[in-house]
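So the structure is just underneath, and the comments pick up after that.
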Protein chains: 2
Amino acid sequence: MPQIQPIHLDEQLCFQVYSANKKFNHFYQQALKPFDLTYPQYIAMLTLWQYAPLSVKQLGEYLHLDSGTLTPLLKRLESHGWISRSRSRSDERTVVIQLTDKAKEQQNVVYGHINSCFDILGLTPDEKETCMQAMTTLEQKLDLYNDPQV
Amino acid sequence: MPQIQPIHLDEQLCFQVYSANKKFNHFYQQALKPFDLTYPQYIAMLTLWQYAPLSVKQLGEYLHLDSGTLTPLLKRLESHGWISRSRSRSDERTVVIQLTDKAKEQQNVVYGHINSCFDILGLTPDEKETCMQAMTTLEQKLDLYNDPQV
DNA sequence: GTCAATTTAATTGCAGACAATTATTTTGAC
DNA sequence: GTCAAAATAATTGTCTGCAATTAAATTGAC
């Protein structure tokens, strides 16, 4: 009879990542309150500030999200005046997402506020780099397993 | 006029953690398919295998989840025959969660299967430890900010 | 002993996340 | 040019996750 290794919650890497993600979420939710943005909406805006205009598909590739998640999220961003959505003239299948004037005006205000919130966290550049590296290593292994053909 | 630091998605620690968490989720979702458990259900079962019987509140403290999340999740675990839920005789407010015979029988099967899946990931003990440490450091900072009174 | 305050789950409502399906448009082999 | 295949969003359904509220039981100050 083989020896079975018990699985203890607090020794599980998956649970640490799961917890850290929830805490990060809460942190950003607080930081983003002045702008009435949720965390997923914020990372969508980050992508758009960097690359807009984008199609739903292109945005989804940056964020690893599909239209089932993005369509309602983008409708909410649109209703709050951050973006516009319109079918492309050249390809009626694709929806082009563009920044509104409000979004362009607020970009640096959001950047400034979020950067200062992140600074308050007090992560040293070294600690941040170590965390980034650890996540990169982990994601590489997970990508290999989740998506063997890559 | 102050210099505003641009925020690039791929340099954001929050986004790395968010992505890693989603990939981990997908990884476990696959690994757990034979048992018809979702990842959140699995971490609930892990906790129960370790500490059952538990009240909803106690389980929530281990997992950092409230009854709004746990009540429906536990009802699903109950309907799939993993647990039982019953009001405590001594305190009618609390609901006691207990393992079923099926859960006790399957414990080592699940442990064995998940451990072998995790091994396939190919994380070295060093890499895992580095990741764990990184998450712990990060969570400590986030706890400080999210919950200043602690 | 009484009753306000506290504790515990459940409920409600909203926002993701994702799998599976559907509708529409475009492409490309022929 | 036609039509099957592919591509793109949207939709549907299920399962979290969390804030806020509700319902019921318990506790404790008096």
Base, sugar-phosphate, or nothing for B/Ser88, non-hydrogen atoms under 4.0 angstrom? nothing
Where does the angle between the aromatic ring planes of A/Phe24 and A/Phe118 fall among parallel (under 30°), tilted (30 to 60°) and perpendicular (over 60°)? parallel
On DNA chain C, nearest-nucleotide positions of A/Ser90 versus A/Ile43: which is more 5'? A/Ile43
Can you give the first and last nucleotides of DNA chain C, 5' to 3', that have an atom under 4.0 Å from a heavy atom of chain A? C/dA15 to C/dT26
Just compare D/dT8, D/dT26, D/dA10 and give me whichever is closest to any side-chain atom of A/Arg85. D/dA10
Going by heavy atoms closer than 4.0 Å, what residues in residues 11-35 of chain B are next to DNA chain C? B/Tyr18, B/Lys22, B/His26
Test item: B/Lys57 and B/Thr94 side chains (from C-beta on) under 4.5 Å apart, heavy atoms: no
Taking only side-chain nitrogens and oxygens of B/Arg87, does any of them come within less than 4.0 Å of OP1 or OP2 of D/dA23? no
Would you say B/Arg76 reaches D/dT16's phosphate, i.e. side-chain N/O to OP1/OP2 under 4.0 Å? yes
Can you tell me the distance, in whole Å, between the CZ atom of B/Arg93 and the C1' atom of D/dT27? 8 Å
Expressed in angstrom and rounded to an integer, what is the separation of B/Leu63 atom CG from D/dC18 atom P? 11 Å
Heavy-atom side-chain contact between A/Leu138 and A/Val17 under 4.5 Å: yes
Would you please indicate if the ring centroids of B/Tyr145 and A/Phe27 are separated by under 6.0 Å? yes
Indicate yes or no: at least one non-hydrogen side-chain atom of B/Trp82 is less than 4.5 angstrom from one of B/Phe35. yes
Non-hydrogen side-chain atoms of B/Leu37 and B/Tyr28 separated by less than 4.5 Å: no
Looking at DNA chain C, which of residues 65-73 of chain B put a heavy atom within less than 4.0 Å of it? B/Ser67, B/Gly68, B/Thr71
